[in-house]
Amino acid sequence: RTGPPLPPLASLVQDADTELRALGPADVMVLGMGADGHTASLFPAAPRLAAALDPRSPQACVGMALDPPPAAAPHARLTQTLAQILRSRHLILPVTGDDKLATLQQALREPTDRLPVSHLLHQQHTPLALWLTA
């Protein structure tokens, strides 16, 4: 990365939280899912994951600093909270590939923080469309 240093993560989170609240709920949110069961940047075993998955959270956004960070993307992240995601009017979750289909099958069994995407699959608040492709 070149250019001036980024502001501290806490400052970025506060700014993003304020902006997301001002925008209001999304009409449609298209999410992804990793083979590890993460969605957005809600990663299994991430610090602050439990707070980010709280469906009653007033926060729209949280910072996620993974330890250890992934080699391909070794930086802190901003993510919408599960509560903010569920404020959307419609959710779409495309799932492609055998590894992700296997993860999806596990996540459909029960909600668990080991597979954060499972919290989307087991909620009753926001319509969720699954797009499955081989």
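Position 1 is the first residue of the sequence; numbering continues from there.
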Flag the pair Leu108 / Leu104 as yes when at least one side-chain heavy-atom distance between them is below 4.5 Å, and no otherwise. yes
Is the backbone of Leu120 close enough, under 3.5 Å, to the side chain of Gln123 for a donor and an acceptor to pair up by distance? yes
List the atom of Ser118, the atom of Pro111, and the distance in Å for their closest heavy-atom pair. OG-CA, 3.4 Å
Would one find more than 12 heavy atoms of other residues, nucleotides or ligands at under 6.0 Å from atom CD of Gln106? yes
Are Leu42 and Leu9 in one and the same hydrophobic cluster, where Ile, Leu, Val, Met, Phe, Trp and Tyr link if side-chain heavy atoms are under 4.5 Å apart? no
Might you point out which heavy atoms bring Ser57 and Ala83 nearest each other, and give the distance in Å? O-CB, 3.4 Å
Name the residue from Thr112, Thr39, Asp113, Asp54 that meets the side-chain hydrogen bond (donor to acceptor under 3.5 Å, both in side chains) definition with His119. Asp113
Locate the shortest heavy-atom distance separating Ser41 from Thr79; write the atom from each residue and the value. N-OG1, 3.1 Å
If we only count heavy atoms from C-beta on, is the Val62 to Leu78 side-chain gap below 4.5 Å? no
Quick check against the 3.5 Å criterion: does Lys100 have a side-chain atom that pairs as donor or acceptor with the backbone of Gly34? no
Walk me through it: do Thr103 and Leu101 pass the test side-chain contact (heavy atoms from CB on, under 4.5 Å)? CA-CA 5 Å; Thr103 299; Leu101 288 173; over 6 Å; no
Search all heavy atoms of Met64 against all heavy atoms of Arg48 and return the closest pair with its distance. CE-O, 3.9 Å
Under the ring-ring contact (aromatic ring centres under 6.0 Å, His included) rule, collect the residues that match up with His38, sequence neighbours excluded. Phe43
Please examine the side chains of Leu49 and Leu53, heavy atoms only from C-beta on, and report whether any two atoms are closer than 4.5 Å. yes
Do you know which two heavy atoms are closest between Ala107 and Leu121, and how far apart they sit? CB-CD1, 3.6 Å
Shortest non-hydrogen contact between Ala35 and Asp99, atoms and distance: CB-OD2, 3.6 Å
For the pair Thr18 (side chain) and Gln14 (backbone), establish whether a donor and an acceptor sit closer than 3.5 Å, ignoring hydrogens and angles. yes
Donor-acceptor list for residues 20-32 side chains, cut-off 3.5 Å, not counting sequence neighbours:
{"from": "Arg21", "atom 1": "NE", "to": "Asp17", "atom 2": "OD2", "distance (Å)": "2.6"}
{"from": "Arg21", "atom 1": "NH1", "to": "Pro58", "atom 2": "O", "distance (Å)": "3.2"}
{"from": "Arg21", "atom 1": "NH2", "to": "Asp17", "atom 2": "OD2", "distance (Å)": "3.3"}
{"from": "Arg21", "atom 1": "NH2", "to": "Pro58", "atom 2": "O", "distance (Å)": "2.5"}
{"from": "Asp27", "atom 1": "OD1", "to": "Arg89", "atom 2": "NH1", "distance (Å)": "2.8"}

Exercise answer: donor-acceptor pairs, residues 125-134 side-chain atoms, under 3.5 Å, sequence neighbours excluded:
{"from": "His125", "atom 1": "ND1", "to": "Leu86", "atom 2": "O", "distance (Å)": "2.9"}
{"from": "Thr126", "atom 1": "OG1", "to": "Leu86", "atom 2": "O", "distance (Å)": "2.4"}
{"from": "Thr133", "atom 1": "OG1", "to": "Thr96", "atom 2": "OG1", "distance (Å)": "2.7"}

Can you find a heavy atom in the side chain of Leu91 that is under 4.5 Å from one in the side chain of Leu93? no
Out of curiosity, does Leu115 fall in the hydrophobic cluster containing Leu82 (side-chain heavy atoms, cut-off under 4.5 Å, transitive links)? no
